[in-house]
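A short write-up of the structure that comes next.
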Amino acid sequence: MPTGTLLIIDDEARLRQLLAQVLELEGYTVLQAPDAHRGLELLQQHADDILLVISDVKLPDGHGVDLLPRYKAAAPEAEVVLLTAYGTIPDGVKAMKLGAFDYLTKGDFEQQLVVVVDRAAEKARLRKRVAELERRVGQQYTFEAMIGESAELKRVQKLAQQVAPTDSTVLLEGPTGSGKELFAQAIHQASGRKGKNFVAVNCSAFPKDLLESELFGYKKGAFTGALTDKKGLLEEANGGTLFLDEIGELELNVQAKFLRVLELQQFTKLGDTKPTKVNVRLVAATNRNLKQEATEGRFRPDLYYRLSVFTIHVPPLKDRPADVPPLAHHFLQYFAAKLSKRLPGLESDCLRLLQRYPWPGNVRELKNVLERAAILAPAGEPLAADFLPDEFHALGRPPKPGADAADESLRALEARHIGKLMGELEGNKPDVAKRLGIGLTTLYRKLQEYGLE
């Protein structure tokens, strides 16, 4: 039987009570409100519990479609179903664009109401579960929670821990996907600014003509379309840390404004005549060689020298293979929980291929590979190499002439051991796979690979 809390907002008391009775018989807890004001109060008070808002479109103090963003802001994980006596196509289209789960017309919704409510409530439950998982992962932004045992990672951690308590600007260098933002978050959490805002900005994600206004904000009338004052991301980070990812993408004129921020802790908004003061620590990251960029005129040398007060190079994953197993186990369990699937671990053959892969996309690529594998793998079994993408299997094929002799001898030993077990167990493949600690599909591939079929 369904469970969960619903909120009905409707000024028609009889209809509101009728809906509540029907839904309570279905197992839901139902809250009621006669208008938008009371509805928003209840929504804010019970945001963690409410799965679904059922709101009339025409309310005494507002229009349901226009109220949608306020409902979603008060309870981001809840769904919204709108009811109307006179449905119109424009209102329906606008409601769906603003995030409504459904738009029903009074008078012909009785047959579908319970079905729609059950579907919307289940979607909200799933969203809440995923959000909780993401919140737990988001709480792991500390040096102690970093996953990996390699000497390279420990060296970088030590440097970051030494600079974290200071207010010095930090420049994180390293390839895309290597974990620079994770280090930036850990530096913030280990500083005296912990508890204040950590604002992350990917400079390559904004059109270059919008980035300046997003960072510094603007005054009303600064340009066409500037109808109100806008607070920039620098002000949002006031008292905390601003993380500028891919800082090499900044335009030269924006770089000049940032140099002033670093030197004087102030800047001037677009359309303003007075400077705005801020207290912000800057952590920047780049996958470029900024020193070379500065030499070649693509980056301001004075800004580079201010940024590089304390430079940390985050090594790519291929340079720290010892970190692959713990990261792989962590991501596998994360996605197993997200998919509600039990995946007890990784087979040794799968782990061997993961460690031998060069990881051009670094930790981000490893995470994506494990998500795909977790979706494909059967529940209850260790993750087999068969569920890795095709490029991984090329790593396990017989070596070409001239390949490393030590690797060849290991393959020969493995083939001999499998052949011996096949003989001892009279060709019983499930028993052989169990003895080897691998999946049956992996055994079939190895038998074919070594010509033991």
Side-chain angles (χ1 to χ4, degrees), residues 9 35-45 47 53 55 57-78 80 82 88 90-100 193 195-247 249-282 284:
I9 307 174
D35 52 43
H37 177 74
R38 180 57 181 155
L40 284 165
E41 281 185 345
L42 288 171
L43 191 56
Q44 289 165 353
Q45 291 168 12
V53 178
S55 173
V57 167
K58 192 174 181 181
L59 294 168
D61 52 351
H63 192 277
V65 176
D66 297 331
L67 288 164
L68 253 170
R70 296 181 66 185
Y71 294 152
K72 301 295 281 185
E77 288 141 22
V80 180
L82 293 179
T88 66
D91 270 355
V93 170
K94 184 178 179 182
M96 301 307 284
K97 284 184 176 180
L98 289 173
R193 297 173 182 266
K196 301 293 185 179
N197 284 346
F198 175 89
V199 178
V201 184
N202 187 333
C203 299
S204 63
F206 287 93
K208 292 183 177 180
D209 55 340
L210 291 180
L211 184 56
E212 181 177 0
S213 62
E214 289 297 322
L215 287 170
F216 300 103
Y218 52 77
K219 298 293 287 183
K220 178 181 177 180
F223 51 84
T224 303
L227 303 178
T228 60
D229 291 353
K230 176 180 172 62
K231 183 187 286 190
L233 294 173
L234 259 170
E235 282 185 278
E236 293 290 348
N238 192 28
T241 302
L242 178 68
F243 173 56
L244 287 185
D245 198 8
E246 305 302 345
I247 194 170
E249 299 291 335
L250 287 181
E251 293 281 291
L252 290 172
N253 64 312
V254 181
Q255 291 177 28
K257 292 190 75 169
F258 251 105
L259 183 62
R260 185 171 181 81
V261 172
L262 291 176
E263 290 176 342
L264 303 175
Q265 289 281 291
Q266 66 181 36
F267 63 93
T268 303
K269 295 182 182 182
L270 291 171
D272 202 358
T273 56
K274 297 179 180 178
T276 300
K277 292 187 176 295
V278 288
N279 176 13
V280 171
R281 182 191 193 166
L282 181 65

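All values below were derived from every heavy atom in this structure, side-chain atoms included, with hydrogens, water molecules and symmetry-related copies excluded. Predicted, not measured: the structure shown is a model, and the values here were computed from it.
Residues satisfying the salt bridge (charged side-chain N to carboxylate O under 4.0 Å, His left out) test with E214, not counting sequence neighbours, are K230. Residues forming a salt bridge (charged side-chain N to carboxylate O under 4.0 Å, His left out) with R281 (at least two apart in sequence, or on another chain): none. With sequence neighbours excluded, no residue forms a salt bridge (charged side-chain N to carboxylate O under 4.0 Å, His left out) with K72. Considering only residues two or more places apart in sequence or on other chains, F258 meets the ring pair (Phe, Tyr, Trp, His ring centres under 6.0 Å) condition with F216. Checked against side-chain hydrogen bond (donor to acceptor under 3.5 Å, both in side chains), E236 has no partners two or more places apart in sequence or in another chain. Annotation: side chain to side chain contact (heavy atoms under 4.5 Å, CB included) contacts of L262 (sequence neighbours excluded): T169, L282, L303, R306, L307. In this structure K231 satisfies the side-chain hydrogen bond (donor to acceptor under 3.5 Å, both in side chains) test with no other residue, sequence neighbours excluded. Contacts of D61 classified as side-chain hydrogen bond (donor to acceptor under 3.5 Å, both in side chains), with partners at least two apart in sequence or in another chain: none. Under the salt bridge (charged side-chain N to carboxylate O under 4.0 Å, His left out) criterion, D229 pairs with K219, not counting sequence neighbours. Taking the side chain to side chain contact (heavy atoms under 4.5 Å, CB included) definition, one finds that E251 meets it with K208, N253, V254, sequence neighbours left out. In this structure, the side-chain hydrogen bond (donor to acceptor under 3.5 Å, both in side chains) partners of N202, at least two apart in sequence or on a different chain, are S204. For the side chain to side chain contact (heavy atoms under 4.5 Å, CB included) test, residues two or more places apart in sequence or in another chain that qualify with L98 are V65, L68, P69, K94.
Residue P275 comes nearest to T268 through the heavy atom pair CA-OG1, 4.0 Å, listed as atom of the first residue, atom of the second, then distance. Summarising the geometry of C203 relative to L250, their closest heavy-atom pair is SG-CD2, 3.9 Å, with the distance given to 0.1 Å. Residues L242 and V201 approach most closely at CD1-CG2, 4.0 Å, considering heavy atoms. Across every non-hydrogen atom of G64 and Y71, the tightest pair is O-CE1, 4.3 Å. Between Q44 and A74, the shortest heavy-atom contact is CG-CB, 4.0 Å. Pairing each heavy atom of V53 with each of L43, the nearest pair is CG2-CD1, 3.7 Å.
One finds a salt bridge joining R38 and E41 here, because a Lys/Arg side-chain nitrogen approaches an Asp/Glu carboxylate oxygen to under 4.0 Å.
The distance from atom CG of L215 to atom CG of L244, rounded to the nearest 0.5 Å, is 6.5 Å. In this structure, H37 NE2 and L59 CG are separated by 13.0 Å, a value rounded to the nearest 0.5 Å. The structure places CG of L270 at 9.5 Å from OH of Y218, a figure rounded to the nearest 0.5 Å.
Looking at Q265, its side chain does come within 3.5 Å of a backbone N or O of V280 through a donor-acceptor pair. R260 places no side-chain N or O within donor-acceptor distance of the main-chain N or O of Q266, the cut-off being under 3.5 Å.
The number of heavy-atom neighbours closer than 6.0 Å to NZ of K257, taken from other residues, nucleotides and ligands shown, is above 12.
With contacts defined as side-chain heavy-atom distances shorter than 4.5 Å, the pair R193/N279 qualifies. You'll find the side chain of F267 reaches within 4.5 Å of the side chain of E235, heavy atoms only.
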